[in-house]
Number of protein chains: 2
Amino acid sequence: MARKRSYSRVTRQALSILGKLIRVGRTERGMTAQELADRAGISRTTLYNIEKGAPGPEVGVVFEVATLVGVRLFQVDDRTLQMHNARLDEKLTLLPQSVRPARREVDDEF
Amino acid sequence: MARKRSYSRVTRQALSILGKLIRVGRTERGMTAQELADRAGISRTTLYNIEKGAPGPEVGVVFEVATLVGVRLFQVDDRTLQMHNARLDEKLTLLPQSVRPARREVDDEF
DNA sequence: AATAAATGTACAATATATTGAACGTTAAGC
DNA sequence: GCTTAACGTTCAATATATTGTACATTTATT
């Protein structure tokens with residue numbers, strides 16, 4: 001019943017940074033929290049949690065908010081995103097569709 | 001009652017890419033979906049949605065899964081993340097704590 | 001080709017995020 | 001220094017994500 005999750009330090013750091021980047025972006029653009037929340041179609045409460053770096057909010061919403069204030073996910077523009085996406089599709093076709101656990105890693109024990 | 005959100009193309013692209021990066025990372029490490037889900041403390045169903053690029057999953061969970069398979073958020077290591085975080089804190093202290101909407105943007109209409 | 005495990009996907013039950021309201025606090029601009 | 005809007009934060013109600021189960025499909029290996 002209790003879900004209670006734990007997050008690694010890297011994850012918490014990343015969440016914190018993304019939240020701060022959003023806050024900086026918003027402030028630099030002179031938008032109030034309410035304005036940004038409205039544009040993103042969320043409540044000010046949720047935006048508050050996002051800027052605070054909370055782990056709960058939906059990833060899609062967080063990305064959307066980031067985009068709205070000019071924070072670039074993956075540090076690249078739209079066109080480059082498309083390219084990456086296409087390249088990943090290629091890469092995926094080269095990998096096995098399903099993983100057989102017997103693989104004992106690349107770096108085998110000796 | 002109906003929440004019904006919309007996401008920009010950039011957001012959808014980013015979600016799709018992140019999902020694929022996770023899938024690639026998992027496959028390259030020879031982990032089954034169930035294994036990764038267990039390590040992340042989530043169900044295989046949720047992992048499935050994450051790899052599919054669905055917008056709904058919690059951002060913290062998505063980041064955690066990404067970290068587990070070696071996908072670096074912001075393309076940097078732990079130490080660099082900390083530095084970025086600290087620098088952002090500085091930057092935040094320089095910005096106004098609250099935004100007054102009358103700011104009419106940096107590029108004013110002359 | 002046979003086979004067993006991984007994956008894709010749907011669904012009802014349940015845990016949790018989201019929301020709007022509320023209210024005290026802080027700070028921008030006069 | 002006043003004023004008042006923005007911000008921080010809590011909370012109950014509600015919408016939605018999560019989970020476990022289940023089953024069909026695909027796929028790696030013998």
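Lettering of chains follows the sequences in order, A, B, ..., and the numbering in each one begins at 1. Computed from a predicted model, the values in this text were never measured in an experiment. Note: hydrogens, waters and symmetry copies are ignored here, and every other heavy atom, side chains too, is used.
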Does A:G60 reach a base, just sugar-phosphate, or nothing at all? Heavy atoms under 4.0 Å. nothing
Working to the nearest 0.5 Å, report the span between CD of B:E58 and OG1 of B:T46. 8.5 Å
Return yes when atom CZ of A:R39 has more than 12 non-hydrogen atoms of other residues, nucleotides or ligands closer than 6.0 Å, and no otherwise. no
Nearest-Å distance for atom pair CE/C1', residues B:M31 and C:dA5: 17 Å
Name the residue closer to the 5' end of DNA chain C, choosing between A:G41 and B:R44 according to the nucleotide with the nearest heavy atom. B:R44
B:A33 side chain, from C-beta outward: closest of C:dT7, D:dG20, C:dG20: C:dT7
At under 4.0 Å, does any side-chain N or O of B:R5 touch on OP1 or OP2 of D:dA17? no
Please report the distance, rounded to the nearest Å, between NZ in B:K52 and P in C:dT7. 16 Å
Report each atom pair, protein N/O against N/O of nucleotides 25-28 of chain C, whose distance is under 3.5 angstrom.
{"residue": "C:dA28", "atom": "OP1", "partner": "B:Q97", "partner atom": "N", "Å": "3.0"}

Could you tell me whether the phosphate oxygens of C:dT19, OP1 or OP2, come under 4.0 Å of any side-chain nitrogen or oxygen in A:T46? yes
Result for 5'-nearest mapping on DNA chain D, choosing between A:T45 and B:P55, is A:T45
Just how far, in rounded Å, is P of C:dG20 from CG of A:N49? 14 Å
Taking the side chain of B:P57 as heavy atoms from C-beta outward, which of C:dA6, C:dG8, D:dT18 is closest to it? D:dT18
Whole angstrom is fine here: how far is it from CD in B:E58 over to P in D:dA15? 19 Å
Rounded at 0.5 Å granularity, tell me how far CD1 in A:I42 sits from CD1 in A:I50. 4.0 Å
Figure out the CD/C1' separation between B:E35 and C:dT7, and round it to whole Å. 14 Å
Does a side-chain N or O from B:R23 land closer than 4.0 Å to OP1 or OP2 of C:dG8, or not? yes
Between B:L95 and A:I17, is there shared hydrophobic-cluster membership here, with clusters defined by ILVMFWY side-chain heavy atoms closer than 4.5 Å? yes
How many Å lie between CG on A:L92 and P on C:dG8, as a whole number? 11 Å
Of all heavy-atom pairs linking A:R9 and B:D78, the shortest is NH2-OD2, 2.9 Å
Please determine, by modelled atom types, if B:D77 and B:T80 share a side-chain donor-acceptor pair under 3.5 angstrom. yes
Just by distance, do the side chain of A:R44 and the backbone of A:Q34 share a donor-acceptor pair under 3.5 Å? no
Cationic N near anionic O, under 4.0 Å, A:K20 to B:D89: yes
Hey, quick one: are B:Y48 and B:M31 part of the same hydrophobic cluster, counting side-chain heavy atoms closer than 4.5 Å, chains of contacts allowed? no
With a cut-off of 3.5 Å and sequence neighbours excluded, list every side-chain donor-acceptor pair involving residues 60-70 of chain B.
{"residue": "B:E64", "atom": "OE1", "partner": "A:S8", "partner atom": "N", "Å": "2.9"}
{"residue": "B:E64", "atom": "OE1", "partner": "A:S8", "partner atom": "OG", "Å": "3.2"}
{"residue": "B:E64", "atom": "OE1", "partner": "A:T11", "partner atom": "OG1", "Å": "2.6"}
{"residue": "B:E64", "atom": "OE2", "partner": "A:S8", "partner atom": "N", "Å": "3.3"}
{"residue": "B:T67", "atom": "OG1", "partner": "B:F63", "partner atom": "O", "Å": "2.9"}

Just how large is the angle between the end axes of the helix from C:dA1-D:dT30 to C:dC30-D:dG1, five pairs per end, to 10 degrees? 80°
Can you tell me the distance, in whole Å, between the CD1 atom of B:I42 and the P atom of C:dA15? 18 Å
Taking NZ from B:K4 and C1' from C:dA17, how many angstroms apart are they, rounded to a whole number? 19 Å
Output yes when at least one side-chain N/O atom of A:Y48 is less than 4.0 Å from OP1 or OP2 of D:dC7, else no. no
